[in-house]
Amino acid sequence: MCGIVGYIGNRKAYDILIKGLHRLEYRGYDSAGVALVARDGKINIFKTKGKVENLEAFCADKDLGACTGIAHTRWATHGEPSDTNAHPHYSEDGNIAIVHNGTIENYKVLKDALIQHGCKFHSETDTEVLVQLIEYIRISNKCSLFSAVRQALKQVVGAYAIAVVAKDKPDTIIAARQSSPLVIGIGDNEYFLASDATPFVEYTKECVYLKDGEIAEIKQGESLRITDLDNEESEIDVTTLQMSISQLEKGGYPHFMLKEIFEQPDTLRDCIRGRVVDRGHRIIINGVSDNREVFKNAKRIVIVACGTSWHAALLGRYLIQDMCRIPVVVEYASEFRYSNPVINKDDVVIAISQSGETADTLAAVQIAKEAGAFVFGISNVVGSSIPRETYAGCYIHVGPEIGVASTKAFTGQVMVLTLLSLAVAQLRGTMTDDQIAQVGKCVLKIPTYVKRVLETLNDKIERLSLTYTYARNFLYLGRGYSYPVALEGALKLKEISYIHAEGYPAAEMKHGPIALIDQEMPTVIIAPKGHVYEKIVSNVQQVKARGGNILAIVTDGDTEISKIADHVLEVPEMPECLTPIITSVPLQLLSYYIAINKGKDVDMPRNLAKSVTVE
Ligand code: M6R
């Protein structure tokens, strides 16, 4: 939700800011803007509705010469996407400018008080309230910019990552965070600032992740100064980034989403690396082995997540219950946090989040910690809030995921949950060594099998997608392990093609959705071989009997469903617990090609943002 970039140094700030905004556009693309602070004390602010490319066009004939600047790409919360509501916002006297990611919950109270003091507002945003408050404090208390920001933030309730610049401080950016991410890149006589490290990875690998409640004075030629809101100096923890620039580019693919789908053989290999050893006989998840007693004695596992990560969580329930015989509850993080949850000290709460920054999931983590549970995080983004706030965890190691529709992160999450289940089963003795080795060996084959699925099915799915592009509704059905896959397939289609799609447990269909079935509504059935295969054959027949059009994902060599379905996509045979990773790949491709046929922007679908840091 909103991306922030900042730069201070000797280069042309505008170029760095624009490139950085493009990298952060996954966080929102309702409007974009920059504030450039020239050394002679002039602030130029340029902002427009729409994507960063609109901003570039708007700036083409503008004065862009400055070595300090802040920039923003917006996902609208307060006020519609418009030029006026776009960031940066500035104080009425034009002396200071701000960019902000987050929401200021008490902005109305603050605004009313400022209006009483004669302030006038131009936008509908909460952010303009903050910048006016900072300037009001700076003038009334005759204090420094740093101090004014600090005092203003003490009055704020809500979430924020901000960057502030002032006309009379062309060599300084003030930055602060509370619940929204912000990282400072340390270069050679230059500093970078961003919502994540991607905007500056080609300039420096050294960075400092700001912590909640911290405020930083970033001054060219001087060491960083970081304090809390009470002005107590903080320790500065410098991290070295592992990310490479090639991971952030499309590498010859037309879209990040397609690149990320095709990266899965490699990302799954990276995810498994070092975790499945002795040719599949032993599974090592450090977060589990470092907390053996916790996992050995856990009475219940509660998994919290949102969106695609919640679908991975549902698969986690099947995996953990099957392999470890521990009861598992799966909750939407947004519901969990307000449901007065009953959490016990011997519960393990697992929070899953690709970004590691989802506000609802982060809040669920805090609630679980307060209730005394052991909280374990599964995330992709190293150094993000959820890994930092949880007691132990596991990264999925799939590299930066830029496409807003999650693909490789989903399969990475499912893989980690599979390995975690095997590791806990090993620990609790709920599977024999032979059973573990049987699954472990197949896990090692998954990257090759996913590669085979991509090679054999990509062209076929591209052709087939033409048949399905103009359907207005889709039903996705699956049972057991294939039920969450159906939900995820339907979500992928909705997100990027804007076609209505429902995921359902196949047997539930007859309790209602069957009424929808006709020739106009395709049904996608996920039906690999497994213990409920015969049951799903009946469901396929039920759809066919109502004249439904069926696309089925089946195991190589399937003869039964192939006879009934209109189209089939065959995937390699795997133990049932490993089928979700294999069967979800053709569904990713199907939604991708349908969206392309419809001319949609698959990497930046309307109204969505990749990192949802607001409630
Ligand atoms: O970063 P997270 O995994 O916490 O994000 C959760 C959801 O916002 C996310 O999975 C969303 O549903 C994606 N757009 C799915 O493609």
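One is the number of the first residue; the rest follow in order along the sequence. Both ligands and their constituent atoms are indexed starting at 1 by order of listing. In this text, all values refer to a predicted model and were calculated from it rather than measured experimentally.
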> May I ask which of Ile378, Thr358, Ile496, Thr407 has a heavy atom nearer to atom 2 (P) of ligand 1 than the others do?
Thr358
> Consider every N or O of Ser353 and every N or O of ligand 1, then say whether any pair is closer than 3.5 Å.
yes
> Quick one: side-chain hydrogen bond (donor to acceptor under 3.5 Å, both in side chains) partners of Thr48, sequence neighbours excluded?
none
> Only heavy atoms of Gln354, strictly under 4.0 Å: list the atoms of ligand 1 that pass.
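Selected atoms, number and element: 1 (O), 2 (P), 3 (O), 4 (O).
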> Identify the closest protein heavy atom to atom 8 (O) of ligand 1: which residue and atom is it, and at what distance?
Val612 CG2, 3.9 Å
> Measuring from the heavy atoms of Val404, does anything fall under 4.0 Å of ligand 1?
yes
> What atoms in ligand 1 come closer than 4.0 Å to a heavy atom of Cys306?
6 (C), 7 (C), 10 (O)
> Does the gap between the ring centers of Tyr26 and Phe256 come in under 6.0 Å?
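Ring centroids of Tyr26 and Phe256 are no less than 6.0 Å from each other.
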> To which protein heavy atom is atom 15 (C) of ligand 1 closest, and what is the distance rounded to 0.1 Å?
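Protein heavy atom at minimum distance: Thr308 OG1, 2.9 Å.
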> Around atom 1 (O) of ligand 1, find the nearest protein heavy atom and jot down its residue, atom name and distance.
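It is Ser355 OG, 2.7 Å.
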> Would you please classify the geometry between the Phe374 ring and the Tyr391 ring as parallel, tilted or perpendicular, with 30° and 60° separating the classes?
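Rings of Tyr391 and Phe374: tilted, as their planes differ by 30° to 60°.
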> Check each atom of ligand 1 against the heavy atoms of Ser406 and keep those under 4.0 Å away; list them by number with element.
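Close to Ser406: 15 (C), 16 (O).
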> Let's go through Gln354 and Ser309 carefully: what are the C-alpha distance in whole Å and the side-chain angles of both, what is the deciding distance for side chain to side chain donor-acceptor pair (under 3.5 Å) to 0.1 Å, and is it a yes or a no?
CA-CA 7 Å; Gln354 186 284 131; Ser309 300; over 6 Å; no
> Within 45° of the axis and under 6.0 Å from the centre of the six-membered ring of Tyr449, does NZ or CZ of Arg452 qualify?
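Yes, Arg452 sits over the ring of Tyr449.
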> Suppose we measure from atom 14 (N) of ligand 1 to each protein heavy atom; which comes out shortest, and what is that distance?
Glu495 OE2, 2.5 Å
> Any salt bridge linking Glu202 with Lys19? Criterion: basic side-chain nitrogen under 4.0 Å from a carboxylate oxygen.
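Between Lys19 and Glu202 there is a salt bridge, with a charged N closer than 4.0 Å to a carboxylate O.
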> Quick one: does NZ or CZ of Arg177 land under 6.0 Å from the six-membered ring centre of Tyr160, within 45 degrees of the ring axis?
no
> Can you tell me how far apart OG1 (Thr198) and CZ (Arg27) are? Round to the nearest 0.5 Å.
9.0 Å
> Which residue and atom name correspond to the protein heavy atom nearest atom 3 (O) of ligand 1, and how close is it?
Ser309 OG, 2.5 Å
> For the pair Asp30 and Arg74, find out whether any cationic side-chain nitrogen is under 4.0 Å from an anionic carboxylate oxygen.
no
> Would one find an N or O of Lys492, backbone or side chain, under 3.5 Å from an N or O of ligand 1?
yes
> Please list, in number order, the atoms of ligand 1 under 4.0 Å from a heavy atom of Ala405.
16 (O)
